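What you are looking at is a predicted structure, and each value in this text was computed from that prediction instead of being measured.
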Amino acid sequence: MGPCANCGEHFTGGYCPACGQKRLPPGLRLGAVLHEAVGTITHAEGPFWNTVRSFVRGPGAMTRAYVAGRRKAFVPPARYLLVAVGLYYLVRFLLDWDPVRSSFDPGTVDMDHPPPFMAVNLWTSKHVNLLLPLLVVVLATLDRMLFPRTALNWTERGVHYIYAVGSYVFAGTLLIVLYRLWPPLNFLGMLVAVGMLVAACISLHRRTAWNVVKALLMVPAAYVVYIILCMVIAAWTLGVPLAEVFLRPG
C-alpha cells in the first residue's frame, strides 16, 4: 500500500514491520494531537484507568501485583504521581484557587506582604510538586518501622505510597470545584487524604485490629512529620527564622 512515512519501508498492514509506526493519513488534526499527548502522559488507552480501578478495588493487591512483575498493566508509579500533580496545578490555575489563600480572610492577613508564617505556608502551597515525595518517604519509613513482618522492603512500600499519594491528589483535585463553590469545605481535602492513606496502609498488611490501630496512628503522625519538614524547608529557603514560624503570636 505504499512506503512507511517514517522509515520508507514498503508494507501492506496497519503497522510498519521495520519501525513499528502506525500507518497514518497525511496532515495533523487537533484531536489526534491531543489524544497522543494524553496517551503519552497517562497511557490512557488502558493502563491508566486500570491503575485507578485497581487502586480503588484494593491498593495492597495492586502493589503486590506490581512488585511481583505485572508492570505493563499499570502506569509506572512516578508517572502516575506526576500526572496527578500536573492535573492538580492545572485545575488550580483554571479556577484561580490556592488552598492557603482560600483558608484565610483577606481582611485579616495582608497577602501582598504576608507575615513570616504565612509566607512559609504560601511557599509550601506553591511547591507541592517538590514536597510530596517527602510524604512518600515518611510514610514508607514509618510503615517499615510499624509493620516489620510484612514481606516488603522499603522501596516496595515506597511504590505503594506513591500510588496512594497520587490517588489522593487526583481525588483532592476533583474536590477543588466544591471548594470554589463553598470555601468552608476546604477541610474535606485533609479528611480525604487521611482516609485514603489509612485505607491504603490497612490494605497492604494483614487485616487485624492491631494493624488497623497502627494505620490510624501512623498516617496522622506521618502528616505531622511531613508538615514540619515542609515548614523547615520553606523557612530555610525564604530565610525566615524558625521561631517566627513555629512560635508566632496567636
Any [X] side-chain heavy atom under 4.5 Å of [Y] side chain:
X: Pro47; Y: Lys72; value: no
X: Phe117; Y: Val120; value: no
X: Thr124; Y: Ile233; value: no
X: Asp98; Y: Leu122; value: yes

When hydrophobic residues are tied together by side-chain contacts of less than 4.5 Å, even through go-betweens, does [X] share a cluster with [Y]?
X: Tyr66; Y: Trp49; answer: yes
X: Val128; Y: Leu81; answer: yes
X: Met190; Y: Val138; answer: yes
X: Tyr226; Y: Val137; answer: no
X: Leu188; Y: Val194; answer: yes

Work out which heavy atom in [X] is nearest to a heavy atom in [Y]; give both atom names and the distance.
X: Val136; Y: Gly158; result: CG1-O, 3.5 Å
X: Ala235; Y: Leu242; result: CB-CD2, 3.7 Å
X: Pro116; Y: Val240; result: CB-CG1, 3.5 Å
X: Tyr163; Y: Pro76; result: OH-C, 3.8 Å
X: Ala84; Y: Gly166; result: CB-O, 3.4 Å
X: Cys16; Y: Cys7; result: SG-SG, 3.6 Å

Does the side chain of [X] pick up a donor-acceptor pair with the side chain of [Y] at under 3.5 Å?
X: Tyr88; Y: Arg92; result: yes
X: Asp143; Y: His160; result: no
X: Trp123; Y: Thr237; result: no

More than 12 heavy atoms of other groups within 6.0 Å of [X] [atom1]:
X: Lys214; atom1: NZ; value: yes
X: Tyr89; atom1: OH; value: yes
X: Arg207; atom1: CZ; value: no

**Message:** Determine whether Tyr80 and Thr51 satisfy the following criterion, side chain to side chain contact (heavy atoms under 4.5 Å, CB included), listing intermediate values before the conclusion.
**Reply:** CA-CA 9 Å; Tyr80 186 73; Thr51 303; 3.7 Å; yes
Atom [atom1] of [X] and atom [atom2] of [Y]: how far apart are they, to the nearest 0.5 Å?
X: Leu216; Y: Asn211; atom1: CG; atom2: CG; result: 11.0 Å
X: Arg144; Y: Thr150; atom1: CZ; atom2: OG1; result: 9.0 Å
X: Cys201; Y: Leu146; atom1: SG; atom2: CG; result: 8.0 Å
X: Leu238; Y: Met231; atom1: CG; atom2: CE; result: 11.0 Å
X: Leu175; Y: Tyr168; atom1: CG; atom2: OH; result: 12.0 Å
X: Met62; Y: Arg53; atom1: CE; atom2: CZ; result: 12.5 Å

**Message:** Walk me through whether Arg206 and Phe147 qualify under side chain to side chain contact (heavy atoms under 4.5 Å, CB included).
**Reply:** CA-CA 10 Å; Arg206 194 161 60 93; Phe147 302 92; over 6 Å; no
**Request:** Go through Tyr179 and Leu95 one step at a time and tell me if the side chain to side chain contact (heavy atoms under 4.5 Å, CB included) criterion holds.
**Result:** CA-CA 10 Å; Tyr179 303 156; Leu95 297 181; over 6 Å; no
**Item:** Main-chain N/O of Phe74 paired with Asn50 side-chain donor or acceptor, under 3.5 Å
**Value:** no
**Any donor-acceptor N/O pair, Arg157 side chain to Thr141 backbone, under 3.5 Å** = no
**Request:** Report the C-alpha separation of Phe55 and Phe170 in whole Å, then their side-chain angles, then the decisive distance to 0.1 Å, and conclude whether the side chain to side chain contact (heavy atoms under 4.5 Å, CB included) test is met.
**Result:** CA-CA 12 Å; Phe55 183 87; Phe170 277 122; over 6 Å; no
**Prompt:** Which one of Val85, Leu90, Val91 satisfies the side chain to side chain contact (heavy atoms under 4.5 Å, CB included) criterion with Thr173?
**Reply:** Val91
